[in-house]
Protein chains: 2
Amino acid sequence: MDLTGDLLRGHTDAILLSILQTQDSYGYEINQRIFKQSNQLFSLTEATLYTSFKRLEKDGYIVSYWKDGINQVPRKYYSITILGQEYLKKHIDSYHKATAVIQTFLGGTHGKED
Amino acid sequence: MDLTGDLLRGHTDAILLSILQTQDSYGYEINQRIFKQSNQLFSLTEATLYTSFKRLEKDGYIVSYWKDGINQVPRKYYSITILGQEYLKKHIDSYHKATAVIQTFLGGTHGKED
DNA sequence: TATCATACCTAATGTGTCAAGGTATGATAT
DNA sequence: ATATCATACCTTGACACATTAGGTATGATA
């Protein structure tokens, strides 16, 4: 089974924000972080990743700045804003409510015994 | 906050299947069930509901039959198939894996204290 | 005979994701 | 020099699922 970003659909933005809440970071690194933190189960396609960044920046949830290290490919760093933190909080709240409901349907349905 | 079907996105089919696993039912009733079982938080739009049925039937996960009661508007009942049960099982498995990962990102991020 | 609840359905549009491209820098090997 | 790889960014077109906004029809009630 391969778990694509489709299973994360709708939560991508929040996941990126949650990572940025820890510290500023850039696309390539963030995606690697998701890959590792999910035990190599998930990673976003670059298209999804950068589309998400565009959306988040347009909405004012993150801001960006370039960082050109010496002997290093330029990186575009992102920083979460207050607005972004508020959005994240609300999303997490909705997420918990939604999963609670989904749980009532999908939770007791499967047979663990087999 | 209003919780629309977008938060259930991707899980609609599985939710319908899980209800049908309990017993055969029809669209209108199923949607009312979702509404009640979610404490009036969620319900599907009819378009989403019937689109989902079409998809599920096309894929062989459910079969349908009309039931014309006396003094009653005809109802289209749905019944889950073996294929549907297998799909449901797999979906639930993926769902658990996905929520586990999402949890690692969104779980410890929010401040309950405020 | 008008209106409401029940009960089904479709077409057009929107949103997020993916597949498949592209550009450019720095390191390494030939 | 130049080929190749890893890093690092970005865009376009297509697709899947959900929504908005309609539509049809029956039975009960006013």
Side-chain angles (χ1 to χ4, degrees), chain A residues 2-17 24-36 42-59 61-62 64-78 87 91 94-95 98 102, chain B residues 2-17 24-36 42-59 61-62 64-78 87 91 94-95 98 102:
Chain A
D2 107 294
L3 302 176
T4 71
D6 247 331
L7 270 166
L8 306 182
R9 185 181 264 266
H11 306 294
T12 308
D13 290 9
I15 289 172
L16 299 186
L17 289 177
D24 289 11
S25 187
Y26 58 98
Y28 196 86
E29 188 188 50
I30 287 176
N31 211 16
Q32 287 189 321
R33 185 101 76 90
I34 292 172
F35 188 61
K36 284 170 193 158
F42 289 97
S43 71
L44 305 175
T45 64
E46 295 194 345
T48 300
L49 182 70
Y50 292 110
T51 301
S52 183
F53 281 137
K54 292 276 183 261
R55 186 168 48 238
L56 287 167
E57 191 160 27
K58 178 178 66 61
D59 292 341
Y61 297 156
I62 58 176
S64 64
Y65 54 94
W66 286 91
K67 215 167 175 176
D68 299 32
I70 306 160
N71 296 343
Q72 188 181 260
V73 179
R75 297 166 175 167
K76 193 175 187 179
Y77 276 76
Y78 295 98
Y87 169 83
H91 181 94
S94 302
Y95 173 72
I102 295 174
Chain B
D2 108 292
L3 303 176
T4 73
D6 246 333
L7 271 165
L8 305 182
R9 185 183 261 266
H11 306 293
T12 308
D13 291 10
I15 289 171
L16 299 186
L17 289 176
D24 289 11
S25 187
Y26 57 98
Y28 196 85
E29 189 188 50
I30 288 176
N31 211 15
Q32 286 188 321
R33 184 101 77 91
I34 293 172
F35 189 60
K36 284 170 192 159
F42 289 97
S43 71
L44 305 175
T45 64
E46 295 196 344
T48 301
L49 182 70
Y50 291 110
T51 301
S52 183
F53 281 137
K54 292 276 183 263
R55 186 168 49 238
L56 287 168
E57 193 160 26
K58 177 179 67 60
D59 292 342
Y61 298 155
I62 56 175
S64 63
Y65 54 94
W66 286 91
K67 216 169 175 176
D68 299 33
I70 307 160
N71 296 341
Q72 190 181 259
V73 179
R75 296 166 175 168
K76 193 175 188 178
Y77 277 76
Y78 295 99
Y87 168 83
H91 181 93
S94 302
Y95 172 73
I102 295 174

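The sequence lines fix the lettering, A, B, ..., with proteins before strands; numbering per chain opens at 1. Below, each value reflects all heavy atoms present in this structure, side chains not excepted, and no hydrogens, waters or symmetry copies.
- Here D/dC9 presents its P atom at 12 Å from CG of A/L16, a figure rounded to the nearest Å.
- From A/N31, atom CG reaches atom CZ of A/F42 across 12.5 Å, with rounding to the nearest 0.5 Å.
- Listed candidates were D/dT19, C/dT25, D/dC10. Nearest to the side chain of B/A47 is D/dT19.
- Atom CZ of A/R9 and atom P of C/dT15 are 12 Å apart (whole Å).
- Screening A/Y26, A/F53, A/Y61 for a ring-ring contact (aromatic ring centres under 6.0 Å, His included) with A/Y78, the sole residue that qualifies is A/F53.
- Nearest-nucleotide positions on DNA chain C for A/H11 and B/W66 put B/W66 closer to the 5' end.
- Between the CZ atom of B/R33 and the P atom of C/dT6 there is a distance of 16 Å, given to the nearest Å.
- Among the heavy atoms of the strands, none lies under 4.0 Å from A/S52.
- The residue among A/I70 and A/T45 whose nearest nucleotide of DNA chain C lies closer to the 5′ end is A/T45.
- Applying the side-chain hydrogen bond (donor to acceptor under 3.5 Å, both in side chains) criterion to B/Q32, with sequence neighbours excluded, gives no partner residue.
- The side chain of B/T51 contributes no N or O atom lying less than 4.0 Å from OP1 or OP2 of D/dC17.
- When the P atom of D/dT7 is taken as reference, atom NZ of A/K67 falls 19 Å away, rounded to whole Å.
- A/L8 contributes atom CG, which lies 11.0 Å from atom OG of A/S52 (distance to the nearest 0.5 angstrom).
- Nearest nucleotide to the side chain of A/Y28, out of D/dT20, D/dA8, C/dT6: D/dA8.
- Atom CD of B/E29 and atom P of C/dA5 are 19 Å apart (whole Å).
- Closest to the side chain of B/R75, out of C/dT17, D/dC9, C/dA7, is C/dA7.
- For A/K76, no side-chain nitrogen or oxygen approaches OP1 or OP2 of D/dA8 to under 4.0 Å.
- Between the CZ atom of B/F53 and the C1' atom of C/dC9 there is a distance of 13 Å, given to the nearest Å.
- Mapping B/E46 and B/R55 onto DNA chain D by nearest heavy atom places B/R55 at the nucleotide closer to the 5' end.
- B/R55 contributes atom CZ, which lies 9.0 Å from atom CG of B/L16 (distance to the nearest 0.5 angstrom).
- Contact between the side-chain N/O atoms of A/Y50 and the OP1/OP2 oxygens of D/dC9 is found at a separation under 4.0 Å.
- Of the side-chain N and O atoms in A/Y26, one or more sit less than 4.0 angstrom from OP1 or OP2 of D/dA8.
- Straight-line distance from the CG atom of A/D6 to the C1' atom of D/dA18: 13 Å, rounded to whole Å.
- The pairing partner recorded for D/dG27 is C/dC4, the criterion being a Watson-Crick or G-U wobble arrangement whose two distances lie under 3.5 angstrom.
- Within the 4.5 Å cutoff, the side chain of B/D13 has heavy atoms near those of the B/Y87 side chain.
- Listed nucleotides C/dC18, C/dC9, D/dC10 differ in distance to B/Y78; the shortest reach to its side chain belongs to C/dC9.
- Atom CD of B/Q32 is separated from atom P of C/dA5 by 12 Å (rounded to the nearest Å).
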